[in-house]
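Below is one structure, written out as structure tokens; the observations come after it.
All figures in this text were calculated on a predicted structure; none of them were measured in a lab. What you see below is based on every heavy atom in this structure, not just the backbone, and it leaves out hydrogens, waters and symmetry mates.
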Amino acid sequence: MATKQATKETGLFEAIQQFCQDKSLDRELVLGVIRDSLLAAYRKKVGLEAETDDRCQVEFGSDNKNEIIISVLRDVVAEKTTNPLEVSLEDAQKIDPKIEVGSQIRVFEKPQDLSRVLSSQAKQMVFQRLRDMEKELLYQEYKSKEGELTHGYFQRWKKDIMSIDLGKVEGIMLKKDQNPGEKYRQGDRLKAIISRVELRPREPMPVITLSRASGDFVKKLFEMEIPEVYDGIVEIRDVARIPSYRTKVVVTTSKSDVDPVGACVGMKGVRIQAIVRELGNERIDIVLHSDEPSVFIANAISPAKPVEVHVDRKRGDALVIVPDESLSLAIGINGSNVKLVSQLSGFKIDIKTVSQYNQELASPEAREKLDRLFNAQQEAMEESEDGYNESSGEEEEEDSGYTPLSEIPGLTPRIVGLLEAGGIKNVETLLEFSQEELSKISGIGKTTAEQILRLLRESIEWVEEG
């Protein structure tokens, strides 16, 4: 009989040990849960109040902890009693013959009595406490991994939600976090970023939300595939993405001998191609960062190569002029390219071809619209000119015999302001400038310089007569 009981108890503790290994739980914590649950069940069985916890004990035997012992510290009384905290002198002397009335003695329950205490209610308490412990430990483990890259195996669809096996727990991927067009079969391996970890009262395990559609996912792929990004030599400043269509990654570096764009692309594109394959052949553009908005927008509008970029910092508008054949490249599929550039730069982007820009310059209404668009830039130029004019009043008097730029038909006040800011005060001085020299003036690109000289040529007879 004793052998059978020992075997049963040994099996119990072996099962506990295996359970701790499977769930990655601390054995002492699990034994503590069992101890507390047994005490609660025992108190309920014999009718003890919670305040008597210090008189009840559950211990695990010293012999490899292969036995469970529950005991109660009882007061010795003369007569038989039903009080669970008292024991008769007769029964107490069976344990200690020298015991006297008024003393206390610890009474141990027999193993068969203990098995009755371990009722179905006690088992439920143990299992619930262990589930709560496992849930909390998993939450702490995965909460510390938020924002990190992980991998798992596709399990099944729950409506539009993907269920992914992460090993210890299942993660979910909502529709908005999925790459459109990607298809999976059960057991397919996939990478994702842990975007959010939550504890929900009605869920038995932490809710781990994964994402393959975020910009952070792309950033983590770059860190994994490109050593310079992982080591911090190349910094990813920003990521803008339309999943399954296009992603733009803004990079920079503080080291003059490192090409951040080349480092990300790799020899013959081998580095970037590994990321493109992971994203299902999504187009990825590497954009060199610049603090100058016009330069940055010109870089970001890739693969199109703009002729000119004008920005209005005050209004948050930008005009990008591209060759006629590059309009579709600049806009992108469903406007994806220009949307991403706008998202990265913070400017509202207006794209014009060279032909459209030239046509608008020929229209007084369009020129007025352009003047309003770049009003802030003109005001800035005028403010800088105020200081110059105050210190060079004598020069202006000397220039009074020259033809003002405003006499050229079609030349807008904005362009006049830009020319004057560049040191061209009159028509006579303008005649000495070539198209290349004009295009170097701040705010005037090649296309605008060409238009200025065209307007000048058209009015040259009138200028000579003046």
Test your reading of the model: is there a side-chain donor-acceptor pair from [X] to the backbone of [Y], 3.5 Å cut-off?
X      : Y      : value
Asn337 : Ile301 : yes
Ser439 : Glu436 : yes
Arg241 : Arg246 : no
Ser211 : Ala213 : yes
Asn358 : Ser355 : no
Lys135 : Pro204 : no
Ser163 : Trp157 : no
Thr353 : Val322 : no
Asp165 : Gly167 : yes
Ser214 : Phe217 : yes

Is any side-chain heavy atom of [Y] closer than 4.5 Å to one of [X]?
X      : Y      : value
Phe347 : Val311 : yes
Val250 : Val239 : no
Pro306 : Val320 : yes
Ile284 : Phe222 : yes
Ile272 : Ile286 : yes
Val341 : Ile297 : yes
Ile164 : Ile172 : no
Arg283 : Thr247 : no

Given Ser294 and Glu292, is the side-chain hydrogen bond (donor to acceptor under 3.5 Å, both in side chains) satisfied, shown in steps?
-> CA-CA 6 Å; Ser294 60; Glu292 175 56 45; 3.3 Å; yes

Identify the heavy atoms of [X] and [Y] that sit nearest to each other, and give their distance.
X      : Y      : value
Asn299 : Ser290 : ND2-CB, 4.5 Å
Lys248 : Leu340 : CD-CB, 3.9 Å
Pro303 : Asp285 : CD-OD2, 4.4 Å
Lys168 : Tyr142 : CB-OH, 4.1 Å
Glu146 : Val197 : OE2-N, 2.8 Å

Just do the side-chain contact (heavy atoms from CB on, under 4.5 Å) check on Leu174 and Asp177 with the steps written out, would you?
-> CA-CA 5 Å; Leu174 305 177; Asp177 294 316; 3.9 Å; yes

Give a yes or no on this: more than 12 heavy atoms of other residues, nucleotides or ligands lie within 6.0 Å of atom OH of Tyr245.
-> no

Assess whether atom CD1 of Ile333 is packed by more than 12 heavy atoms of other residues, nucleotides or ligands within 6.0 Å.
-> no

Ser244-Asn179 side chain donor-acceptor pair, cut-off 3.5 Å = no

Are Gln140 and Glu136 close enough, and set up right, to give a side-chain hydrogen bond (donor to acceptor under 3.5 Å, both in side chains), and what steps lead you there?
-> CA-CA 6 Å; Gln140 295 297 339; Glu136 179 63 28; 2.7 Å; yes

First locate atom [atom1] of [X], then atom [atom2] of [Y], and finally report the distance between them rounded to the nearest 0.5 Å.
X      : Y      : atom1 : atom2 : result
Leu419 : Ile441 : CG    : CD1   : 5.5 Å
Ile351 : Ile321 : CD1   : CD1   : 11.5 Å
Asp216 : Leu149 : CG    : CG    : 11.0 Å

Picking from Asp259, Asp238, Val234, Ile226, what satisfies side-chain contact (heavy atoms from CB on, under 4.5 Å) with Val251?
-> Val234

Is it true that Glu223 and Lys220 have a side-chain N and a carboxylate O under 4.0 angstrom from each other?
-> yes

Hey, does the Lys NZ or Arg CZ of Lys143 hover above the aromatic six-ring of Tyr139, less than 6.0 Å from the centre and inside 45° of the axis?
-> no

In short, side-chain hydrogen bond (donor to acceptor under 3.5 Å, both in side chains) pairs touching residues 264-279 with sequence neighbours left out are Arg212-Glu278, Glu228-Arg271

Across all chains, not counting sequence neighbours, the ring pair (Phe, Tyr, Trp, His ring centres under 6.0 Å) partners of Phe296 are His289

Does the pair Thr448 and Glu308 meet the rule for a side-chain hydrogen bond (donor to acceptor under 3.5 Å, both in side chains), with working shown?
-> CA-CA 9 Å; Thr448 305; Glu308 292 181 34; 3.2 Å; yes

List the steps, then state whether salt bridge (Lys or Arg N to Asp or Glu O under 4.0 Å) holds for Asp350 with Lys348.
-> CA-CA 7 Å; Asp350 185 17; Lys348 182 180 179 182; over 6 Å; no

Show your reasoning for whether side-chain hydrogen bond (donor to acceptor under 3.5 Å, both in side chains) applies to Asn334 and Lys339.
-> CA-CA 9 Å; Asn334 297 326; Lys339 286 178 184 176; over 6 Å; no

Stepwise salt bridge (Lys or Arg N to Asp or Glu O under 4.0 Å) test for Glu141 and Lys145 = CA-CA 7 Å; Glu141 177 182 348; Lys145 296 179 180 179; 3.6 Å; yes

